[in-house]
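Each chain gets a letter, A, B and so on, in the order its sequence line appears, and its residues count up from 1.
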Protein chains: 2
Amino acid sequence: MSDKHNPYVVAPVRKALSVLELVAERAHDVSLATVTRELKIPKTTSFRYLQTLTEAGFLIHDLVNDKYSVGPRFRAIAKADTSLHRLRKLARPHMHALVAEFNETVNLGLMFDGNISYVDIIEANQSLRIQGRVGDRHPLHSTALGKAILAHLPDAQRKLHLARPLALRTSRTLTDVETLERQLRQSLKLGYATETEENDDGATCVGAAVLDDIGYPIAAISLSAPRHRMPRETLAKAGARLAAAAHQISAQIAAA
Amino acid sequence: MSDKHNPYVVAPVRKALSVLELVAERAHDVSLATVTRELKIPKTTSFRYLQTLTEAGFLIHDLVNDKYSVGPRFRAIAKADTSLHRLRKLARPHMHALVAEFNETVNLGLMFDGNISYVDIIEANQSLRIQGRVGDRHPLHSTALGKAILAHLPDAQRKLHLARPLALRTSRTLTDVETLERQLRQSLKLGYATETEENDDGATCVGAAVLDDIGYPIAAISLSAPRHRMPRETLAKAGARLAAAAHQISAQIAAA
DNA sequence: CATGCGCGTTTCGCCAAGCGGAACATGCGT
DNA sequence: ACGCATGTTCCGCTTGGCGAAACGCGCATG
């Protein structure tokens with residue numbers, strides 16, 4: 001594509017990104033005149049792109065000095081991207097180790113819009129396996145990922161989540177808040193959460209929360225297997241291993 | 001501006017940034033269909049913006065899974081911005097302390113395109129003071145900032161810079177490479193560089209390099225004063241203090 | 001103090017490119 | 001094998017992105 005002109009490129013977008021790059025890479029605030037001179041574009045064009053990037057929050061306009069610099073939206077998404085990229089990077093070796101040990105699918109998920117969002121999945125090398133998909137959303141209350149996160153939330157936040165209607169996913173889905181709260185307290189003690197056919201028939205999962213440096217649950221990892229491959233002892237062993245892995249990931253995150 | 005429509009905003013740019021935000025904030029790779037659904041835009045429009053952002057390097061397109069994720073150009077400028085922002089933030093208190101102690105102007109500069117670029121300046125509280133401007137470019141060989149950086153460059157890089165024509169800024173500008181090399185070696189020993197009326201008539205400056213964690217000079221700080229306010233003892237004292245400040249800034253940078 | 005210049009902002013007419021719907025291509029699931 | 005969802009290509013339309021010119025403002029200079 002570098003030697004072939006892409007007919008779908010929207011030229012104003014391309015040029016505005018050049019303006020953003022110039023401002024972000026310059027060590028100091030940039031004037032409209034500097035943008036015009038260095039990118040060799042008409043000053044009304046510079047003016048429009050600077051206004052657009054500022055309106056979108058990617059730049060800020062210092063009205064006193066008539067200079068532009070990087071804005072909060074750019075920094076926010078840069079930080080989001082860095083955090084997520086780093087979380088995945090730190091978690092992956094642990095997930096691979098868990099798959100190697102148990103030969104079951106291991107998932108990394110985040111809480112997003114009051115649900116669990118699957119961020120990364122490393123699949124077991126078996127024909128019969130629990131198969132989530134990256135990008136899928138599932139409820140908090142009926143997944144091991146979700147329950148692990150709920151267990152570590154501050155009381156007020158957890159109560160808010162559990163106050164919402166709790167969907168029946170299977171006949172075994174827990175929807176009684178008191179029962180759930182009791183289970184979550186137990187999970188907090190154990191260091192891992194479990195769900196048995198609460199989200200998908202035939203599936204058992206065990207999950208553990210990944211915490212930030214102040215103990216807030218930012219993600220969770222889980223291991224999923226068909227129920228018959230998860231006798232009580234295996235579940236407890238997997239739970240302990242997930243808790244240890246989640247703890248290591250949390251420590252690595254905090255060490256930055 | 002939030003309750004008033006800005007007529008200069010370029011709509012495609014604004015919308016494309018929304019696409020970039022969506023992808024950067026999503027914890028996993030995003031499909032064209034997801035962008036279309038979540039931003040409620042026609043799929044050909046999604047397609048165009050995704051192609052444009054990818055062409056610009058802000059996103060990458062995983063052709064196997066037909067998913068988009070954050071690309072190298074976005075990460076590069078995010079990193080550049082973070083680094084510069086952090087450098088300024090770490091340096092500022094040290095610069096303020098130096099101004100407080102000597103009551104002369106203190107500058108932070110970077111090497112940029114073979115010149116020194118002034119990034120931040122804290123001015124002395126005196127009528128007669130040396131007045132640079134943020135954004136100004138000056139030669140390496142005739143400024144304390146530049147000489148401090150040159151002193152710490154690897155031999156090959158320093159030789160390349162000194163091989164270029166060395167402009168006469170004042171009658172005292174050094175242009176003989178051997179003399180400069182000898183002075184730079186001395187600066188390396190002292191921990192600071194000086195220039196006396198080599199860049200501006202009447203001005204004396206002393207500067208020290210800020211190094212990264214592998215010892216490469218990424219920036220420099222300097223103090224500028226009218227020559228008569230800089231007797232030999234003051235110069236030496238300022239030099240030692242600048243060296244100490246630069247060293248502390250370097251350590252803070254490395255501690256991340 | 002007046003003038004000129006540089007910079008940023010506003011206006012205006014032009015035209016081409018951005019837009020979006022439709023059609024097409026592909027791959028996957030049933 | 002068929003239907004559906006997703007991604008890509010095509011096409012005609014219209015409107016908004018463009019850039020030159022004009023205007024406003026502030027600063028430097030004589």
Side-chain angles (χ1 to χ4, degrees), chain A residues 1 4-20 22-23 26 28-56 59-69 123 127 129 131-137, chain B residues 1 4-20 22-23 26 28-56 59-69 127 131-137:
Chain A
M1 203 158 288
K4 186 176 61 125
H5 180 61
N6 184 342
Y8 305 111
V9 165
V10 179
V13 174
R14 189 68 201 271
K15 288 185 280 186
L17 292 174
S18 299
V19 173
L20 177 59
L22 176 68
V23 177
R26 197 51 54 92
H28 49 78
D29 297 7
V30 174
S31 67
L32 184 153
T34 299
V35 172
T36 299
R37 184 167 53 250
E38 298 204 20
L39 297 185
K40 295 181 174 56
I41 58 179
K43 62 183 175 176
T44 29
T45 306
S46 297
F47 180 74
R48 284 196 190 90
Y49 294 149
L50 289 168
Q51 290 289 304
T52 307
L53 290 162
T54 302
E55 183 97 347
L59 297 181
I60 53 179
H61 184 191
D62 174 1
L63 293 163
V64 174
N65 298 309
D66 249 331
K67 296 288 174 64
Y68 294 83
S69 58
E123 287 170 8
S127 302
R129 61 182 182 258
Q131 187 119 350
R133 284 183 306 173
V134 169
D136 280 356
R137 306 283 180 86
Chain B
M1 202 157 292
K4 187 177 65 133
H5 179 62
N6 184 341
Y8 306 112
V9 164
V10 180
V13 174
R14 189 66 201 271
K15 289 186 278 184
L17 293 174
S18 299
V19 173
L20 176 59
L22 176 67
V23 178
R26 198 51 53 92
H28 49 76
D29 297 6
V30 174
S31 68
L32 184 153
T34 299
V35 172
T36 299
R37 185 166 52 248
E38 298 204 22
L39 297 186
K40 294 179 174 58
I41 57 178
K43 61 183 174 175
T44 28
T45 306
S46 296
F47 181 75
R48 282 195 192 89
Y49 293 148
L50 289 167
Q51 290 288 304
T52 308
L53 290 162
T54 301
E55 183 96 348
L59 296 181
I60 53 178
H61 184 191
D62 174 2
L63 292 163
V64 174
N65 299 307
D66 249 331
K67 296 289 174 63
Y68 295 82
S69 57
S127 303
Q131 187 118 351
R133 284 183 309 173
V134 169
D136 281 355
R137 307 282 181 87

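- Computed from coordinates, the B:Glu38 CD to D:dT6 C1' distance equals 16 Å when rounded to whole Å.
- The distance from atom OH of A:Tyr68 to atom C1' of C:dT9 is 10 Å, rounded to the nearest whole Å.
- The distance between atom CD of A:Gln51 and atom C1' of C:dT9, rounded to the nearest whole Å, is 9 Å.
- A close approach under 4.0 Å does occur between a side-chain nitrogen or oxygen of B:Thr45 and OP1 or OP2 of C:dG20.
- One finds no side-chain N or O of A:Lys15 lying less than 4.0 angstrom from the OP1 or OP2 phosphate oxygen of D:dG17.
- The aromatic rings of A:Tyr68 and A:His61 sit parallel to each other, their planes meeting at less than 30°, with 60° as the upper class boundary.
- For D:dG16, its base never sits under 3.5 Å from the side chain of A:Arg48 at any donor and acceptor pair.
- Going from atom CZ of A:Phe47 over to atom P of D:dA20 covers 17 Å, rounded to whole Å.
- As a whole-Å value, the separation of B:His61 NE2 from D:dT8 C1' is 11 Å.
- Shortest non-hydrogen contact noted between A:Leu22 and A:Leu39 is CD2-CG, 4.2 Å.
- Mapping A:Leu32 and A:Pro12 onto DNA chain C by nearest heavy atom places A:Leu32 at the nucleotide closer to the 5' end.
- Between the P atom of C:dT10 and the NZ atom of A:Lys43 lies a distance of 13 Å, rounded to the nearest Å.
- Both B:Thr44 and B:Arg37 lie near DNA chain D, and the one whose nearest nucleotide falls closer to the 5' end is B:Arg37.
- B:Val35 comes within 4.0 angstrom of no nucleic acid atom, judged by non-hydrogen atoms across all strands.
- Between A:Pro12 and B:Val13, the closest heavy-atom pair is O-CG2, 3.6 Å.
- Remark: P of C:dC7 and CG of A:Asp66 are 11 Å apart, rounded to the nearest angstrom.
- Distances shown here put a side-chain N or O of B:Tyr8 below 4.0 Å from the OP1 or OP2 atom of C:dT10.
- Distance from the side chain of A:Ser31 is smallest to C:dG8 among C:dG8, D:dG19, D:dG7.
- Relative to the side chain of A:Pro42, the nucleotides D:dC10, D:dG19, D:dG7 differ in distance, and D:dG19 lies closest.
- Atom C1' of nucleotide D:dG7 and atom NZ of B:Lys67 are separated by 13 Å, given to the nearest angstrom.
- Judged by distance alone, with hydrogens and angles left aside, the side-chain atoms of B:Thr52 form a donor-acceptor pair with the main-chain N or O of A:Val10 at under 3.5 Å.
- For A:Tyr49, no side-chain nitrogen or oxygen approaches OP1 or OP2 of D:dG17 to under 4.0 Å.
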side-chain contact (heavy atoms from CB on, under 4.5 Å) evaluation trace for B:Leu50 with B:Val19 = CA-CA 7 Å; B:Leu50 289 167; B:Val19 173; 3.6 Å; yes
